[in-house]
Protein chains: 2
Amino acid sequence: MELSERKQKILAAIVETYIRTGEPVGSKSLMDVLPMKVSSATIRNDMAELVSLGLLEQPHTSAGRVPSHAGYRYYIDHLMGARELDADSRRKIEAAIGDGGDPEELLSKAGEALADLTNCAAVSTTPTGESARIRRIEMVPVGTRTAMLVLLTSGGLLKSRICRSDTVINVPLLERFYNVTSTQLVGKPLADVHTTAMQTLAASLGADAFSLLPFLAGVAELARDAAQTDIRLDGQSNLLGYRELEENAYELMEFLRNGEPLNALISNNRDDVQVLIGKENKYRQLERSSLILARYSVGGEESGTLGVIGPTRLDYAKLIPSVRYLTDLVGRLLTRSVRDEE
Amino acid sequence: MELSERKQKILAAIVETYIRTGEPVGSKSLMDVLPMKVSSATIRNDMAELVSLGLLEQPHTSAGRVPSHAGYRYYIDHLMGARELDADSRRKIEAAIGDGGDPEELLSKAGEALADLTNCAAVSTTPTGESARIRRIEMVPVGTRTAMLVLLTSGGLLKSRICRSDTVINVPLLERFYNVTSTQLVGKPLADVHTTAMQTLAASLGADAFSLLPFLAGVAELARDAAQTDIRLDGQSNLLGYRELEENAYELMEFLRNGEPLNALISNNRDDVQVLIGKENKYRQLERSSLILARYSVGGEESGTLGVIGPTRLDYAKLIPSVRYLTDLVGRLLTRSVRDEE
DNA sequence: AGTTAGCACTCGGGCGGAAAGAGTGCTAAC
DNA sequence: GTTAGCACTCTTTCCGCCCGAGTGCTAACT
């Protein structure tokens, strides 16, 4: 779609002021904003054409114009320029994240930082465990019948839980546990270490089966936890500050809290940075919202997603670089920590 | 304050229908609800007195009556009866909680269950670490320069983190670490194991100081994490469903998210079950909300808090027993798990 | 003395029309 | 192709009105 330079400038100006104010933009107020000197009538003519091209909409005849989804899209693809993130925001992000720590902590910091920075809700998923393997299993007795199990994955994820059994825990039991786990479990993909597999494994152990089973089952649960990519949501309350989301606030919150559809959206995302604007989304609850999603990769492999959710009038020019920068950073930190640990 | 039996019945009926409907209650509609046969005029006379006693309020002259804070209070103290929680809710709670697991998991389940059951926001704090001691410290190498630290407290709390250092981790280093920690740290109160204490400890180790310091610092951080009672909030979005909270929704959410004032409120609570109604609260943001807070004890010691936050027109008669039941349950489970592990 | 019927009164909510304001679309001139 | 001018449209706001719900009071009743 070809647009004259003036039309482009007008579209950009409308998008930007609408993002700023949330009010429909009229031809007169545009005169002050545009770099060139043209009358409001000229602007009106152009706006009328932009409407018929589907790039703008008017809420009603006598109101100003508002960008349509296609308008935002055009703005993002052609007009906004691929700005670098400003140094200030970069510093803020880095300060908020520090040097990471373990993956879950890192992601939670990243989510909070993103929510704060953008004044939107932030989604984040932990690195996928799909291809992860068990790197290490530890069992530490903490009572006569209670032990702590710790699982470390090849992705650097750390999971632990307390596990109770009916038999007394003693040194031979521990030894048998280490024998079994180090020969049978360490190195296996997480997905293979499920509860039924543990039952067959225990069955093959003869006399030890009874005493080891609870702990093997515990390992299976840890593996399940670790394999599951869980999805975090930060700064939902930020969304309440936007007038245009107010009336569906409750619905929107519930939708986000539920997580499943969000998960579907996220795992659909195969692009570098994906922008979903309003009704482009198939979920009714999101029709007044936009999403910016980006994947981060750990060790060269696409692995998880970070993103923001806000009203359609997001400051795309700033947020897209923000999200991209953050995913890069998270990916780098996670990759580094995985490398370190090998 | 003495009230005639009829006035009591009227007050109770007003509180209960107002809780149900959220609309001011008029004298005529009360006729149908009240067990005795009286005319609306009589009811009006009584209502007028209840107003002058400060137990009811009228939003405006020509509206029905609404319970005042004092009215709710009177209802709670004298009229609602100390109902037991119905078996159905009890079953729901128990099903949601299962048999617990580690304290943090237990509390998060409890919070979710409470939020679901009450359709309000639920607050919960992890058991206080004030008096807790370090029961156990483990260090598991997971890379040449990276190790996992695990800390277990006498309260059954389990904390772990990944810790990086500049020196290569080898067996002698591990031995030194275990030496130091088991003689110097295990058994100490969490509060004593802070970063500066670790620095002096490391300094006293001479040549080992450099290599051990990062890990001792890691232990200090774990101890800090474990000592800190963190505060969870579940089901905030439930609050959006209440008309009377709608207009301050954003403020309220932010207030809750911040956590500090909430923390102050919670730690003030020394009663068995404390009910704070609307403006009894000193926080402006909560003036349209009520809180029901109750403490749970672990091993006979008051230790943490669970509670709900909702509009002033809470169903106190149901929620107070719910909260009490849940705190009892949580206390029992936590006490049991601490006992088990000793 | 307490209860009831009756009635005038008050106040908020809803409806409608008028006025204001913002912005457009069109036409005619530049 | 651009601009000035103007009539037109549509929303928002305000005001006045009426309606209904509910009250408070008085006077009568038990």
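Worth saying up front: this structure is predicted, and the values here are computed from it rather than measured.
The span of DNA chain D lying next to chain A, judged by atoms under 4.0 Å from heavy atoms, is bounded 5' to 3' by dT2(D) to dT11(D).
For R243(B) and E23(B), the salt-bridge test passes: some basic side-chain N is under 4.0 Å from an acidic carboxylate O. Salt bridge E287(A)/R284(A): absent, no basic N to carboxylate O contact under 4.0 Å. With respect to the salt-bridge test (charged N to carboxylate O, under 4.0 angstrom), the residues D88(B) and R90(B) do not qualify. Contact check on R20(B) versus E16(B) returns no salt bridge, with no Lys/Arg side-chain nitrogen under 4.0 Å from an Asp/Glu carboxylate oxygen.
Looking only at distances, no side-chain donor or acceptor of E251(B) sits under 3.5 Å from a matching main-chain atom of N248(B). Proximity of a side-chain donor or acceptor of T312(A) to a complementary backbone N or O of G278(A) within less than 3.5 Å is not detected. Between the side chain of T42(A) and the backbone N or O of V38(A) there is no donor-acceptor pair closer than 3.5 Å. Formation of a donor-acceptor pair under 3.5 Å by the S89(A) side chain with backbone atoms of L85(A) is not found in this model. Looking at D315(B), its side chain never comes within 3.5 Å of a backbone N or O of I19(B) through a donor-acceptor pair.
Taking the centre of each ring, Y72(B) and Y316(B) come in below the 6.0 Å mark.
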So which protein nitrogen or oxygen atoms get under 3.5 Å of nucleotides 18-22 of chain C's nitrogens or oxygens?
none

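Atom pair M36(B):CE and dT4(C):C1' shows a separation of 15 Å (rounding to whole Å applied). The CG atom of D32(A) sits 12 Å away from the P atom of dG23(C) (whole-angstrom rounding). Remark: C1' of dC11(C) and CD of Q58(B) are 11 Å apart, rounded to the nearest angstrom.
The stretch residues 37-49 of chain A comes close to DNA chain C through R44(A), M47(A), each having a heavy atom under 4.0 Å from the strand.
For D46(A), the side-chain hydrogen bond (donor to acceptor under 3.5 Å, both in side chains) criterion is met by R6(A), not counting sequence neighbours.
Taking five base pairs at each end of the helix from dA1(C)-dT30(D) to dC30(C)-dG1(D) and finding the rotation axis that steps the C1' atoms of four pairs onto the next four gives two axes whose angle is 20°, to the nearest 10°.
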Return a table of donor-acceptor pairs under 3.5 angstrom between the side chains of residues 52-61 of chain B and protein atoms on other chains or two or more places apart.
{"residue": "S52(B)", "atom": "OG", "partner": "E49(B)", "partner atom": "O", "Å": "2.9"}

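Listed pair R6(B) / dT3(C) meets the phosphate criterion, a side-chain N or O lying under 4.0 Å from OP1 or OP2.
Within the 4.5 Å cutoff, no side-chain heavy atoms of P24(B) are placed close to those of R65(B).
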